[in-house]
Asker: 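Here you go, one structure.
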Amino acid sequence: MRIAVTYENGQIFQHFGHTEQFKVYDVENRAVTGSQVVDTNGQGHGALAGVLRDLGVDALICGGIGGGARTALESAGIQLYGGVTGGADDAVAALLGGGLAYNPEARCTHHSHSCGGHEAGGCQEHGCHGGE
């Protein structure tokens with residue numbers, strides 16, 4: 001099994017369509033056997049589902065995500081765990097342990113601004129985090 005996480009500085013990046021990196025984990029018998037950080041090479045939004053498919057990813061952990069990307073992931077057969085925050089490694093461990101807290105309705109409802117300022121709370125007021 002392969003799990004990908006939208007990734008920035010050890011944390012889950014909060015806007016799927018703008019992620020510049022994924023951390024990809026190889027899993028066997030519910031244990032991580034290896035991981036690597038993979039650049040998206042400037043691709044965004046729905047095209048990222050193809051990147052994940054080409055990497056052989058089975059599941060994605062991310063923050064907010066738009067409807068088109070959700071549909072593209074579903075078409076690629078990738079299980080989505082959206083609305084997750086915190087450390088990437090911690091989220092994967094929680095998923096493997098059966099205790100991942102996530103919001104299945106998390107969506108990015110905007111695409112007209114830059115989601116770059118997450119560390120300063122920049123995207124939270126725009127709805128990237130579901131329920132807001």
Side-chain angles (χ1 to χ4, degrees):
M1 174 181 203
R2 290 194 109 185
I3 301 169
V5 180
T6 52
Y7 189 74
E8 182 179 63
N9 298 321
Q11 300 294 304
I12 298 166
F13 187 70
Q14 290 300 301
H15 186 164
F16 173 79
H18 288 256
T19 193
E20 294 181 8
Q21 296 179 319
F22 291 107
K23 187 166 183 182
V24 180
Y25 300 80
D26 293 310
V27 176
E28 290 182 28
N29 299 319
R30 301 193 73 72
V32 174
T33 59
S35 65
Q36 63 181 322
V37 176
V38 178
D39 288 329
T40 63
N41 297 319
Q43 297 187 62
H45 293 96
L48 292 172
V51 170
L52 294 173
R53 183 191 61 239
D54 292 346
L55 290 169
V57 168
D58 301 295
L60 169 70
I61 299 171
C62 67
I65 184 167
R70 291 172 76 90
T71 300
L73 289 168
E74 184 178 316
S75 294
I78 298 171
Q79 176 82 34
L80 173 63
Y81 295 88
V84 183
T85 60
D89 294 348
D90 294 338
V92 170
L95 175 61
L96 296 175
L100 181 65
Y102 72 101
N103 176 0
E105 298 303 316
R107 295 188 184 350
C108 266
T109 56
H110 64 284
H111 292 283
S112 60
H113 77 284
S114 170
C115 273
H118 290 97
E119 65 281 347
C123 203
Q124 291 178 358
E125 72 254 18
H126 299 290
C128 257
H129 301 275
E132 290 187 51

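Everything quoted here is computed from the prediction, not taken from an experiment.
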Asker: Starting at NE2 of His15, measure out to CD of Glu8 and round the result to the nearest 0.5 Å.
Answerer: 13.0 Å

Asker: Provide the closest heavy-atom pair for Phe16 versus Ala49 in the form atom of the first, atom of the second, distance.
Answerer: CZ-N, 4.3 Å

Asker: Could you report the tightest heavy-atom contact between Arg53 and Ala76, atom names first, then the distance?
Answerer: CB-CB, 4.3 Å

Asker: I want to check something: taking the side chain as every heavy atom from C-beta on, are Phe22 and Thr6 in contact at a cut-off of under 4.5 Å?
Answerer: yes

Asker: In the structure I gave you, are the side-chain heavy atoms of His18 and Phe13 within less than 4.5 Å of one another anywhere?
Answerer: yes

Asker: Inspect the surroundings of CG in Asp54 and state if more than 12 heavy atoms from other residues, nucleotides or ligands are less than 6.0 Å away.
Answerer: yes

Asker: Which residue, Ile12, Leu60, Val5, forms the side chain to side chain contact (heavy atoms under 4.5 Å, CB included) with Val84?
Answerer: Ile12

Asker: Kindly say whether Thr19 contributes a backbone atom to a donor-acceptor pair with the side chain of Thr40 at under 3.5 angstrom?
Answerer: yes

Asker: Hey, does Gln14 have a side-chain heavy atom less than 4.5 Å from the side chain of Thr85?
Answerer: yes

Asker: How close do Leu80 and Arg70 get, counting heavy atoms only, and between which atoms?
Answerer: CD2-NH1, 3.7 Å

Asker: With hydrophobic residues grouped by side-chain heavy-atom distances under 4.5 Å, do Val51 and Tyr7 end up in a single group?
Answerer: no

Asker: So does Glu28 have more than 12 non-hydrogen atoms from other groups sitting under 6.0 Å from CD?
Answerer: no

Asker: Are Ile3 and Val32 grouped together when hydrophobic residues (ILVMFWY) are joined by side-chain heavy atoms under 4.5 angstrom apart?
Answerer: yes

Asker: Side chains of residues 87-99: which donor-acceptor pairs under 3.5 Å do they make with residues two or more places apart or in other chains?
Answerer:
{"residue": "Asp89", "atom": "OD1", "partner": "Lys23", "partner atom": "NZ", "Å": "2.9"}
{"residue": "Asp89", "atom": "OD1", "partner": "Tyr25", "partner atom": "OH", "Å": "2.5"}

Asker: At what distance, to the nearest 0.5 angstrom, does CD of Gln79 lie from CD of Glu74?
Answerer: 10.0 Å

